[in-house]
Amino acid sequence: MKQQKEVSLDRDLGLWSALALVIGTIIGAGVFVRQSAVLDDAGSTTMGLFAWFAGGLLTITAGLTIAEIASQMPETGGLYVYMERIYGKMWGFLSGWMQIIFYGPAMIASLGAYLAILLSDFFGFPSKYNVYLAIGTIVAVGILNLFSNRYGATFAIVTTICKLVPVAALIIFGLFFGNQSAFGQSLVTVHQTAGNFGVAILATLFAFDGWILVANLGGEIKNPRKLLPQAIMFGILAVMVIYLLVSYGVYRSVPAEQIHKLGTSAIPYIANKAFGDIGGKILSIGIIISIVGCMNGKIMTFPRIMYAMAKRGQLPFSKTLSYLHPKSHTPIFSTIAELIIVTIMIIFSNADRLSELCIFTVYCFYVMAFVGVFLLRKRNPSQKRVFSTPLYPITPILAICGSLFVIVSEIMSDLPGVLTSFVLVGIGIPIFYYESKKNRGSIADDSEVKNQD
């Protein structure tokens with residue numbers, strides 16, 4: 001029987017594609033739907049802006065720290081590969097398991113839920129159809145990613161350009177036509193977590209999240225040792241400036257108390273107020289495209305983690321999940337599996353709760369990765385680095401301290417949710433040992449056959 005030619009991922013993504021994926025994957029629903037949540041937790045517009053700044057600063061220190069590791073390990077899998085190389089196979093597996101079972105699907109499900117709210121408002125659909133709108137949109141974007149990665153990357157570039165339109169409009173209106181003070185407005189009626197600055201930062205991190213996902217495509221980027229750090233660094237800096245300007249514009253446009261009352265509908269309200277019904281509709285379309293683009297980036301990247309794990313034989317049904325389509329060179333079954341998990345989460349979970357818990361969970365692993373920079377330098381003191389973290393060791397120390405502050409804040413704010421996320425990650429431990437034992441058995445069986453021959 002003729003052996004099938006080995007199929008591999010295409011390494012054809014350049015800097016602009018990688019940069020568009022970073023910016024496009026970060027700017028999604030967060031900056032539009034989390035304004036009220038950040039303000040509620042911060043307690044005032046001044047502290048709200050500071051929370052956005054702190055979230056951006058933490059993300060920059062995290063990105064600069066991870067960029068050094070990414071330049072040394074430019075492979076498909078991102079954080080999964082880093083954790084495995086630094087701490088061993090089990091921690092690598094758990095970081096990958098966390099991303100494919102909880103973090104990734106929860107992020108996509110949250111985006112789908114927020115998108116459904118905007119679509120319902122835009123078209124006037126009853127809210128009871130939101131679940132179907134969310135699932136339908138996610139499936140449509142998922143189908144796009146069953147084709148060549150060029151289609152997903154092109155879609156990322158187009159949606160990144162489109163999403164800058166509502167961003168620019170909100171900034172310009174707030175800066176030049178807003179009549180509120182962006183500083184000093186305090187909330188009188190807020191929920192019980194008001195004033196919890198750590199939780200406010202956590203809410204911004206949902207909006208900043210996605211910067212590391214381009215590392216999952218390390219095996220598909222040209223010259224990844226050089227381009228990966230550049231894409232991460234410049235992408236995060238650009239987004240941080242945009243978010244601060246958008247938040248400032250929002251606070252200038254509407255009183256703080258009204259932002260609190262409007263909740264996730266604050267941005268559509270501002271759009272209609274600023275540009276009338278037609279202008280508001282156009283701006284809403286831009287926001288919808290923004291969320292779809294963000295969703296595309298996540299659906300494009302998370303199945304690559306599942307594919308990388310399956311290729312190593314670490315998951316149930318690894319042979320199926322590691323299959324690449326011979327024409328599109330994409331992991332189609334891993335993509336389908338992720339979409340199934342996402343659908344389950346949409347049906348049975350709440351978007352706001354999912355978004356906060358998944359950020360908490362991934363930052364637990366981020367802290368370990370940040371510490372890994374020190375470990376790698378100690379293990380390989382003479383290794384030549386294509387990219388070195390600026391202001392080392394201050395930058396990684398800030399990343400570690402900031403992340404620990406956010407983690408502790410979430411533990412104190414939502415202990416039951418934190419324990420649930422730990423349980424979901426912990427389920428991966430017996431699966432890791434079972435699959436490892438099964439693989440060792442398969443290797444032993446192969447050796448026996450060869451000896452008999």
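Positions are given from 1, in the same order as the sequence printed here. Note that the coordinates shown come from a computational prediction; the quantities given were computed from them, not determined experimentally.
Of the possible polar contacts, one joining the W97 side chain to the L424 backbone as a donor-acceptor pair under 3.5 Å is found. Of the possible donor and acceptor atoms, none in the side chain of Y82 sits under 3.5 Å from a partner among the backbone N and O of I66. Checked by atom type and distance alone, the side chain of S421 pairs as donor or acceptor with a backbone atom of V418 at under 3.5 Å. Looking at T395, its side chain never comes within 3.5 Å of a backbone N or O of T61 through a donor-acceptor pair. Put simply, the side chain of E338 never gets that close to the backbone of P303: no donor and acceptor are under 3.5 Å apart.
Between V254 and V250, every side-chain heavy-atom pair lies at or beyond the 4.5 Å cut-off. Using a 4.5 Å cut-off on side-chain heavy atoms (C-beta onward), L79 and Y366 make contact. Looking only at side-chain heavy atoms (C-beta outward), I400 and F370 come within less than 4.5 Å of each other. The shortest side-chain heavy-atom distance between L339 and I299 falls under the 4.5 Å cut-off. Residues V246 and Q35 form a side-chain contact, since some pair of their non-hydrogen atoms from C-beta on lies under 4.5 Å apart. The side-chain heavy atoms of L237 and V241, taken from C-beta on, include no pair separated by under 4.5 Å. Side-chain contact check for Q314 versus E84: some heavy-atom pair is nearer than 4.5 Å. Looking at S318 and L315, their side chains come closer than 4.5 Å, going by heavy atoms from C-beta outward.
Considering every non-hydrogen atom in both M47 and S44, the closest pair reads N-OG, 3.2 Å. Taking all atoms of both residues into account, the shortest heavy-atom contact from F93 to I431 is CZ-CG2, 3.9 Å. In terms of heavy-atom proximity, L175 sits nearest to R252 at O-NH2, 3.6 Å. For I100 against P105, the heavy-atom pair with the smallest separation is O-CG, 3.1 Å. Of all heavy-atom pairs spanning A106 and C358, the tightest one is CB-CB, 3.8 Å. Closest non-hydrogen pair, A310 versus L321, comes out as CB-CB, 3.6 Å.
Ring geometry for Y243 versus W52: interplanar angle over 60°, hence perpendicular rather than tilted (30 to 60°). Below 30°, between 30° and 60°, or above 60°: for F333 and Y323 the angle between ring planes is between 30° and 60°, a tilted geometry. Ring orientation note: the planes of F125 and F123 are close to parallel, at an angle under 30° on the 30°/60° scale.
The distance from atom CD1 of I282 to atom CD1 of I287, rounded to the nearest 0.5 Å, is 12.5 Å. Separating the CE atom in M309 from the CD atom in E435 is a distance of 10.0 Å, to the nearest 0.5 Å. Between the CG atom in L64 and the CE atom in M233 there is a gap of 6.5 Å [rounded to 0.5 Å]. In this structure, L133 CG and I138 CD1 are separated by 11.0 Å, a value rounded to the nearest 0.5 Å. Atom CG in L118 sits 10.0 Å away from atom CG in N130 (nearest 0.5 Å). For the atom pair I108 CD1 and T343 OG1, the distance stands at 10.0 Å (nearest 0.5 Å).
A 6.0 Å sphere centred on CZ of F53 holds no more than 12 heavy atoms belonging to other residues, nucleotides or ligands. Few gaps surround CZ on F405; more than 12 heavy atoms of other groups in view lie less than 6.0 Å from it.
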>> Before you tell me yes or no, could you show the steps for I171 and V167 under side-chain contact (heavy atoms from CB on, under 4.5 Å), namely the whole-Å CA-CA distance, both residues' side-chain angles and the distance that decides it to 0.1 Å?
In response: CA-CA 6 Å; I171 292 171; V167 165; 3.8 Å; yes
> Under the side-chain contact (heavy atoms from CB on, under 4.5 Å) criterion, do T137 and L119 qualify, and how do the steps go?
Replying inline: CA-CA 10 Å; T137 308; L119 287 173; 3.9 Å; yes
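The one candidate from L58, T59, I359 that meets the side chain to side chain contact (heavy atoms under 4.5 Å, CB included) condition with F208 is T59. Partner of Y103 under the ring pair (Phe, Tyr, Trp, His ring centres under 6.0 Å) criterion, chosen from Y80, F365, F360, F302: F302.
For the residue pair E410 and Y363, no side-chain donor N or O sits within less than 3.5 Å of a side-chain acceptor on the partner.
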